[in-house]
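To start, the structure itself, in C-alpha cells.
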Amino acid sequence: MAERQPRVKKPRIRPLSYRHELKYFLNQIDYEVLHRRLLAAMEQDKNARINGGEYFIRSLYFDTPWNSALREKLDGVNDRDKVRIRIYNGRDDVIKLERKHKDNGYIAKQSVSLSRAECDRLCGGDYSFLLKRPEPFARAMFGEFATRGLRPVVIVDYLREAYTFPTEDVRITFDKDIRTAYRGVSLFDFGQPTYPVIDDYAMVMEVKFNAYLPTWIRELIQPVSNIRSAISKYCLCRKYEF
C-alpha cells in the first residue's frame, strides 16, 4: 500500500442528521426466520415492492492515493468519511454522489443527484462541474476532490431487500450476493466479471434508526444466531487487492 497521507480535518456541512447503524453477518437459516417475521410486521421498501422483493445496487467508491478511507476503517478511526457514486438496477436515471460520515458509531449521509454526463465526467477525473452546481454539498465535494485527490478504486455490487417502519425511521435491509469487480471501476460496464466477497455467511443485515429502536423490533431481530460486526462492504470488496 502507498505511504500514509497526513490526516487533516475534513470539511463538513452542518448540521448533519445522525442515525444509529447496526450490522450483522447472517446465515441463510436465520435469514429465512427474519424474512418471514419482517414480512408480517413491517412494510417493504417501495423499491423492493416495485422490483419483486429486492433490487440491485452498484456503488463505485472513491479514495485518496494513500487509501485514506480504507486505512481509517482498518485503524478504527471514529471520525471518517466514504465517498461513492450509487446507481440502482443498472439504470442511469437515478445517480447519486454520496458522502457517508461515521462518528463514534453514528452515521450521516449527504448526497446530490448527477446526470449521466456529470457522472461520466466525475469518473473520468473531471470534477469542475461540481463548483458550478447550486447545492452547497456539491461545492463542498468539489473541495474534497480537489484537495484529497479522490479517484475511483472499487465497485461494490449487491441485491438489497429492505423493510421500513415510520417510528424513528427504522430501516432494516438484507444485502445479498455482495460482489466486487476486483480493480474494475467501470460503473456502467455490466459485462466485467465480479466475485463474491463473503465466504462463511449468506449476507449482511443492517438496522438503521434515529434516536432509539422500538422494543418490539429489537425483540423481533434478536432471537437468532446472527453475529454483530463492524462490517464494511467497501473493505470487504478491497480485500483481494493487497
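Note that the coordinates shown come from a computational prediction; the quantities given were computed from them, not determined experimentally.
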So, for I221 and V207, which heavy atoms are closest and what is the spacing to 0.1 Å? CD1-CG2, 3.8 Å
Provide the closest heavy-atom pair for L213 versus R218 in the form atom of the first, atom of the second, distance. CB-NH2, 3.4 Å
Side chain to side chain contact (heavy atoms under 4.5 Å, CB included) between L122 and L130, worked out: CA-CA 9 Å; L122 191 57; L130 291 170; 4.2 Å; yes
Under 3.5 Å, is there a donor-acceptor pair between the side chain of D169 and the main chain of R171? no
Between NZ on residue K109 and CD on residue E98, distance to nearest 0.5 Å: 4.5 Å
Between K102 and E72, is there a salt bridge with N-O shorter than 4.0 Å? no
Between E168 and A211, is there a donor-acceptor pair closer than 3.5 Å when you use the side chain of the first and the backbone of the second? yes
Would you name the heavy atoms of C119 and F188 that are closest together and state the gap between them? SG-CE1, 4.0 Å
Nearest 0.5 Å, what's the SG-CD1 distance between C237 and I155? 10.0 Å
Taking W66's backbone N and O only, do any of them form a donor-acceptor pair with R71's side chain (distance below 3.5 Å, no angle check)? yes
Describe, in one word, how the ring planes of Y201 and F25 are oriented to each other, choosing from parallel (under 30°), tilted (30 to 60°) and perpendicular (over 60°). parallel
Look up atom CG in L38 and atom OG1 in T173, then write down how far apart they are to the nearest 0.5 Å. 10.5 Å
Exercise: identify the closest heavy-atom pair between M203 and D175: CB-O, 3.1 Å
Within 6.0 angstrom of I50 CD1, more than 12 heavy atoms from elsewhere: yes
Hydrophobic clusters here meaning ILVMFWY residues chained together by side-chain heavy-atom distances under 4.5 Å, can you tell me if Y212 and L22 are in one? no
Do any N or O atoms from the side chain of T180 and from the backbone of V156 form a donor-acceptor pair under 3.5 angstrom? no
Does the pair Y18 and D103 meet the rule for a side chain to side chain contact (heavy atoms under 4.5 Å, CB included), with working shown? CA-CA 9 Å; Y18 283 98; D103 190 352; 4.0 Å; yes
Start with the C-alpha distance between C123 and I85, add both sets of side-chain angles, then the distance that settles side chain to side chain contact (heavy atoms under 4.5 Å, CB included), and finish with yes or no. CA-CA 9 Å; C123 292; I85 294 176; 3.9 Å; yes
Do other residues, nucleotides or ligands put more than 12 heavy atoms under 6.0 Å from R151 CZ? yes
Consider only side-chain heavy atoms of I, L, V, M, F, W and Y, link residues closer than 4.5 Å, and tell whether V112 and F142 are in one cluster. yes
Taking H20 for the side chain and Y106 for the main chain, is one N or O donor matched with an acceptor at less than 3.5 Å? no
According to a 4.5 Å side-chain heavy-atom criterion applied to Ile, Leu, Val, Met, Phe, Trp and Tyr, with indirect links allowed, do I107 and L236 form part of one hydrophobic cluster? no
Within the 3.5 Å criterion, strictly below it, is a donor on S59 or R86 matched to an acceptor on the partner's side chain? yes
Cluster check M42, Y31: I/L/V/M/F/W/Y, side chain < 4.5 angstrom: yes
How long is the gap from CD on Q110 to OG on S17, to the nearest 0.5 Å? 10.0 Å
For E118, which residues count as a salt bridge (Lys or Arg N to Asp or Glu O under 4.0 Å) partner, sequence neighbours excluded? R133
Quiz question: by atom type and distance under 3.5 Å, do the side chains of R238 and N67 form a donor-acceptor pair? yes
Interatomic distance, L70 atom CG to K82 atom NZ [nearest 0.5 angstrom]: 10.0 Å
Taking only residues two or more places apart in sequence or in another chain, which ones pass side chain to side chain contact (heavy atoms under 4.5 Å, CB included) with D120? R116
Begin from the C-alpha positions of I217 and I172 and carry the test side chain to side chain contact (heavy atoms under 4.5 Å, CB included) through to its verdict. CA-CA 10 Å; I217 296 180; I172 300 177; 3.9 Å; yes
Answer yes if the side chains of D63 and Y234 hold a donor-acceptor pair under 3.5 Å, and no otherwise. yes
Quick one: CD1 on I231 to NZ on K23, what's the gap to the nearest 0.5 Å? 7.0 Å
F174 versus M205, closest heavy-atom pair with distance: CE2-SD, 3.6 Å
Do L74 and V153 share a hydrophobic cluster (ILVMFWY, side-chain heavy atoms under 4.5 Å, transitive)? yes
State whether D199 and K239 are salt-bridged, where the test is any N-O pair (Lys NZ or Arg NE/NH1/NH2 against Asp/Glu carboxylate O) under 4.0 Å. yes
Closest heavy-atom pair and its distance - L220, L34: O-CD2, 3.6 Å
Please report whether the ring centroid of F209 lies less than 6.0 Å from that of F165. no
Verify, without hydrogens or angle tests, whether N27 (side chain) and I29 (backbone) share a donor-acceptor contact under 3.5 angstrom. yes
Please determine, by modelled atom types, if R84 and Y61 share a side-chain donor-acceptor pair under 3.5 angstrom. yes
Applying side chain to side chain contact (heavy atoms under 4.5 Å, CB included), name anything that partners S113, two or more places apart in sequence or on another chain. K96
Quick one: are Y158 and V204 in side-chain contact, heavy atoms under 4.5 Å? no
Which residues pass the salt bridge (Lys or Arg N to Asp or Glu O under 4.0 Å) test with K100, not counting sequence neighbours? E21
Go through the structure and list residues passing side chain to side chain contact (heavy atoms under 4.5 Å, CB included) with F56, not counting sequence neighbours. R58, N89, D157, L159, F190
Of all residues at least two apart in sequence or in a different chain, which pass the side chain to side chain contact (heavy atoms under 4.5 Å, CB included) check with D189? S186, Q192
